[in-house]
Amino acid sequence: MARPELVKLSERVHYLPGGVNCAVVVGEDAQAVLVDTGQDKDYGRHLRRACEDLGVTPVAILNTHAHADHFGGNAYLLRQFPELTVHAPPFEASIVRAPYLEPVYLFHGARPLPELTSKWLQAEASPVHVEVEPGALALAGVELELLDTSGHAHRQLAVRVDDVLLAADAFFGEAVLERYPLPFGQDIAGQLAGFEVVRSSGVRLALPGHGDPTEDLAAAADANAAAVRRAADAVVTACQGGSSEEVAVAACRALGVEVGDLPRYHLNLCTVAAYLGYLREQGRVEARLEGGRLGWWRC
Ligand SMILES: [Zn+2]
């Protein structure tokens with residue numbers, strides 16, 4: 001993986017563009033906070049070099065949520081900087097400590113298929129020293145504000161630093177939405193609320209976990225909400241008595257989602273399950289258990 005160029009977002013916030021964006025927040029006394037660490041040790045190595053270029057030592061990692069691609073660099077960085085303290089929201093912290101949980105939950109709680117245990121879905125384990133809640137947090141002498149953007153992941157935080165929002169997967173960049181018409185989500189009502197948190201965050205600029213930074217928060221929130229509404233409509237239309245998997249297949253086909261491998265298949269199933277639960281609460285679909293078979297019907 002070629003080494004990405006560090007991009008400056010504000011006086012003390014920089015990020016490394018990549019499949020996953022990771023940020024370096026420069027604090028006091030040449031210390032730094034890393035917000036997310038990417039998928040693996042390559043990301044960790046790039047972050048270490050970025051810190052060297054900035055002349056800072058990382059003293060804290062803040063993981064916004066526990067999808068493997070956001071904390072997979074932790075273990076490498078902890079080997080390089082054993083004094084690092086790792087911060088993550090509760091619940092997510094449990095997965096950072098035991099990353100096998102991610103392929104397990106994607107495979108209905110059972111022992112996962114080996115295809116689900118690649119580093120894309122199962123990162124190297126890392127300790128979490130401090131579990132953090134929404135609100136103010138001072139790290140390396142920098143006042144951060146942690147915003148609750150749970151939805152894409154069960155307990156996700158976005159991080160405000162001065163006039164920059166490190167939004168992680170609270171929203172996706174437009175090119176990412178175009179490529180993935182069924183954006184991953186675990187709690188759809190939460191995901192929709194998260195877009196409003198981004199919209200009203202009052203910052204100058206927001207950086208998504210995947211995609212380019214944007215100054216047009218309203219456009220980003222609108223585009224993401226529209227994508228979720230489109231996906232919800234496709235799931236409702238697909239509810240014609242079939243099982244969850246049949247609904248997922250029909251909804252993916254309608255949305256033009258390509259499903260070429262087992263990890264993507266199971267990520268889509270998880271997302272469609274999130275939609276089915278959400279839509280049932282909304283009274284738009286119902287679940288009927290008949291003859292030992294759970295079928296989904298639009299209302
Ligand atoms: Zn994620």
Side-chain angles (χ1 to χ4, degrees), residues 15-23 34-40 43 61-74 86-106 116-124 126 128 132 134 146-159 165-177 179-195 197-198 206-213 220-221 223-224 227-228 231 257 263-275:
Y15 87 104
L16 281 178
V20 186
N21 297 322
C22 303
L34 306 177
V35 179
D36 287 339
T37 61
Q39 186 161 289
D40 55 17
Y43 278 84
I61 290 172
L62 179 52
N63 292 127
T64 57
H65 65 294
H67 294 156
D69 56 339
H70 289 258
F71 72 92
N74 284 20
V86 180
H87 303 68
F91 183 82
E92 304 293 325
S94 306
I95 302 171
V96 174
R97 293 176 182 126
Y100 188 55
L101 286 170
E102 185 173 351
V104 164
Y105 72 62
L106 287 171
L116 303 185
T117 61
S118 73
K119 68 182 177 186
W120 193 44
L121 296 179
Q122 184 180 338
E124 205 176 329
S126 158
V128 174
V132 291
L146 308 183
L147 304 176
D148 184 0
T149 55
S150 303
H152 163 80
H154 286 287
R155 292 291 303 275
Q156 181 182 246
L157 295 170
V159 184
L165 183 69
L166 303 171
D169 296 349
F171 76 97
F172 294 109
E174 256 175 69
V176 177
L177 286 180
R179 230 173 113 204
Y180 300 105
L182 182 64
F184 187 77
Q186 296 183 290
D187 173 347
I188 306 304
Q191 205 169 14
L192 288 166
F195 302 148
V197 171
V198 171
L207 175 71
H210 309 273
D212 297 327
N224 278 265
V228 166
V257 176
R264 180 59 54 190
Y265 178 79
H266 285 89
L267 287 166
N268 288 338
L269 267 189
C270 178
T271 300
V272 167
Y275 276 97

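Start at 1 and go down the list; that is how both ligands and their atoms are numbered. Residue numbers start at 1 and run along the sequence shown. This one's a predicted model, so the numbers in the text were calculated from it and none came from an experiment.
At a cut-off of 3.5 Å, with distance as the only test, a side-chain donor of Thr149 or Gln156 sits close to an acceptor on the other residue.
With a 4.5 Å cut-off on side-chain heavy atoms, Leu165 and Leu147 count as touching. Using a 4.5 Å heavy-atom cutoff, the side chains of Pro89 and His65 are not in contact.
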Practice prompt. Apply side chain to side chain contact (heavy atoms under 4.5 Å, CB included) to the pair Phe71 and Glu92, showing each step before the final yes or no.
Written response: CA-CA 10 Å; Phe71 72 92; Glu92 304 293 325; over 6 Å; no

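Ring pair Phe172/His210 is tilted by interplanar angle, where 30° to 60° counts as tilted.
Within the protein, the N, O or S atoms lying under 2.8 Å from the Zn ion (ligand 1) are His65 NE2, His67 ND1, His152 NE2, Asp169 OD2.
When the options Asn74, Thr37, Asn63 are evaluated for a side chain to side chain donor-acceptor pair (under 3.5 Å) with Ser126, the one that passes is Asn74.
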